[in-house]
Amino acid sequence: EIVSYTLDLGQNSPNPADVLTSIPFSVSSAGVVRLSVVNLLGEQLIQEQIQANKGQNSAKLDVGQLDSGIYLYSIETKGKKLTKRLVINR
């Protein structure tokens with residue numbers, strides 16, 4: 001029996017963010033996921049490895065070093081990648 005792996009990414013909160021933001025995501029099995037933040041030129045600014053539990057998870061992300069603007073955040077694991085938009089406003 002083949003069981004497909006599912007990955008879901010929610011919108012960060014608060015958005016716009018200032019210093020800290022929380023990124024909700026869920027996975028169908030426990031494992032390591034990679035969280036990354038890039039600017040609109042595709043330059044990687046933040047990358048973290050997170051040990052995720054099966055089901056709902058939340059990653060706390062310190063964005064205090066980023067300038068005000070629009071960024072993209074992604075989670076990636078087991079060949080799947082999802083991306084959403086993050087706004088920093090100070």
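Along the sequence shown, the residues carry numbers beginning at 1. Please read all numbers here as calculations on a predicted model, not as lab measurements. Values below: all heavy atoms of this structure, side chains included; hydrogens, waters and symmetry mates excluded.
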Would a hydrophobic clustering, with Ile, Leu, Val, Met, Phe, Trp and Tyr connected at side-chain separations under 4.5 Å, put Val87 with Leu72? yes

Once you round to the nearest 0.5 Å, how far does NZ of Lys84 lie from CD of Gln11? 6.0 Å

Taking atom NZ of Lys78 as the centre, does the number of heavy atoms from other residues, nucleotides or ligands within less than 6.0 Å exceed 12? yes

Can you get from Ile23 to Leu66 by hopping between Ile, Leu, Val, Met, Phe, Trp and Tyr side chains that sit under 4.5 Å apart? yes

So Asp8 and Val27, do their side chains get closer than 4.5 Å, heavy atoms only? no

First locate atom CG of Asn89, then atom CG of Asn15, and finally report the distance between them rounded to the nearest 0.5 Å. 10.0 Å

Do Ser22 and Ser58 have side-chain atoms, one donor and one acceptor, less than 3.5 Å apart? yes

Worked verdict on Tyr71 versus Arg85 for side chain to side chain contact (heavy atoms under 4.5 Å, CB included): CA-CA 6 Å; Tyr71 299 87; Arg85 189 174 73 149; over 6 Å; no

All heavy atoms of Val63 vs all of Arg90, minimum pair found to be O-NH2, 2.9 Å

Determine, using the 4.5 Å side-chain heavy-atom cutoff (strictly less than), whether Ile88 and Leu20 are members of one ILVMFWY cluster. no

Matching residue for Tyr73 among Leu86, Thr21, Leu82 - test: side-chain contact (heavy atoms from CB on, under 4.5 Å): Leu86

Exercise: identify the closest heavy-atom pair between Phe25 and Ile75: CB-CD1, 3.4 Å

Provide the closest heavy-atom pair for Val33 versus Ala52 in the form atom of the first, atom of the second, distance. CG1-CB, 4.2 Å

I need the Lys81 NZ to Ser74 OG distance, nearest 0.5 Å. 4.5 Å

Least distance between heavy atoms, Gln56 atom then Ser26 atom: NE2-CB, 3.7 Å

Kindly list each side-chain donor-acceptor pair under 3.5 angstrom involving residues 40-50, sequence neighbours excluded, with atom names and distances?
| residue | atom | partner | partner atom | Å |
| --- | --- | --- | --- | --- |
| Glu43 | OE1 | Asn39 | ND2 | 2.6 |
| Gln44 | NE2 | Gln47 | OE1 | 2.5 |

Check whether any side-chain N or O of Asn57 sits under 3.5 Å from a backbone N or O of Gly55 as a donor-acceptor pair, and report yes or no. yes

Applying salt bridge (Lys or Arg N to Asp or Glu O under 4.0 Å), which residue pairs with at least one partner in residues 19-30 are found, sequence neighbours left out? none

